[in-house]
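Everything numeric here is computed off the predicted structure, so don't read it as measured data.
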Amino acid sequence: LPFLDMQRESNPSLGLRGIRFLMEHQDLLYTQLEALLQLSSDHDLHILVPMVTLGRDMRAVKEALRETAARAKTSGLPELGAMIETPAAALAACEIVKHASFLSFGTNDLTQYSFAADRENGAVDAYFDDTHDVIFRLISMVHTDVPDAPLSVCGELAGRVEATSRLMDCGITSLSVAPPIIPEVKEAVRNCSSAS
């Protein structure tokens, strides 16, 4: 953003991204929360917080949302969810879910951080495998740790119909996919449901 004094980072993927960036620039966080609260009065909306790493990230956003709602004299708060995009976030799910109504796995970043393989770097393509057992194990571990939390998946993995049944076995209840592949994914979900 041109009006921000943003320092260059030698490794932006491991720097100020998502909620880390918003916590550093809290005026932007509060501005976004105000806009989302206004929208929530007319629409059923959920807020999904990107790049959550630890429970304290979600606690800070939840407090900011409550504070913003109190200033606006808004009583009903939208549901707040956390993106699980790092192994640390998967391991901290029990803490994160104390401040979140739902969790969503960002499998592109989760894969990148699990294998230390930049998804934009062709030299490490062989390591960037979002269908590897490691990814399903992390998802399944989160479901075991927080069995009552609604879990969703976004990212390329959500649209891979060959992985649909495995994702459902890991406790995933929602998939976020590009509109053109919705019919294909719905059919894969139906086939999984009728088989069980």
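To the nearest 0.5 Å, the span separating CD1 on Ile84 from CD1 on Ile139 amounts to 10.5 Å. Remark: Ile172 CD1 to Ser104 OG distance equals 8.0 Å, nearest 0.5 Å. Here the CD-OH distance, from Glu67 to Tyr30, works out to 3.5 Å after rounding to the nearest 0.5 Å. One finds the OG atom of Ser174 at 11.0 Å from the CG atom of Leu167 (value rounded to the nearest 0.5 Å). Rounded to the nearest 0.5 angstrom, Leu77 CG and Ser40 OG are separated by 8.0 Å. The OG1 atom of Thr164 sits 8.5 Å away from atom CG of Leu157, with the distance rounded to the nearest 0.5 Å.
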Could you pull out every donor-acceptor pair under 3.5 Å between side chains of residues 114-125 and any protein atom, sequence neighbours left out?
residue, atom, partner, partner atom, Å
Ser114, OG, Leu110, O, 2.7
Asp118, OD1, Glu120, N, 2.8
Asn121, OD1, Ala123, N, 2.9

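Ile96 and Ile19 fall within the same hydrophobic cluster, where Ile, Leu, Val, Met, Phe, Trp and Tyr residues are linked whenever their side-chain heavy atoms come under 4.5 Å apart, directly or through other members. Hydrophobic clustering, with ILVMFWY side chains joined whenever heavy atoms are under 4.5 angstrom apart, keeps Leu22 apart from Met83.
Side-chain N or O atoms of Glu85 include one that pairs as donor or acceptor with a backbone N or O of Met51 at under 3.5 Å. Between the His132 side chain and the Val134 main chain, a donor and an acceptor come within less than 3.5 Å of each other.
Scored by the side chain to side chain contact (heavy atoms under 4.5 Å, CB included) test, His99 finds Met58, Arg59, Lys62 as partners (sequence neighbours excluded). For Asp130, the side-chain hydrogen bond (donor to acceptor under 3.5 Å, both in side chains) partners at least two apart in sequence or on another chain are Arg160.
Using a 4.0 Å cut-off between charged nitrogen and carboxylate oxygen, Arg66 and Glu63 do not count as a salt-bridge pair.
Side-chain atoms of Thr131 and Arg166 form no donor-acceptor pair, as typed in the model, at a separation below 3.5 Å.
Within a 6.0 Å radius of CZ in Phe136, more than 12 heavy atoms belonging to other residues, nucleotides or ligands are found. The local environment of CZ in Arg71 is crowded, with over 12 non-hydrogen atoms from other residues, nucleotides or ligands closer than 6.0 Å.
A heavy-atom distance below 4.5 Å is not found between the side chains of Val61 and Ile47. Looking at Arg17 and Asp109, their side chains come closer than 4.5 Å, going by heavy atoms from C-beta outward. In this structure, Ile135 and Asp129 have side chains that are not in contact, with every pair of non-hydrogen atoms separated by 4.5 Å or more.
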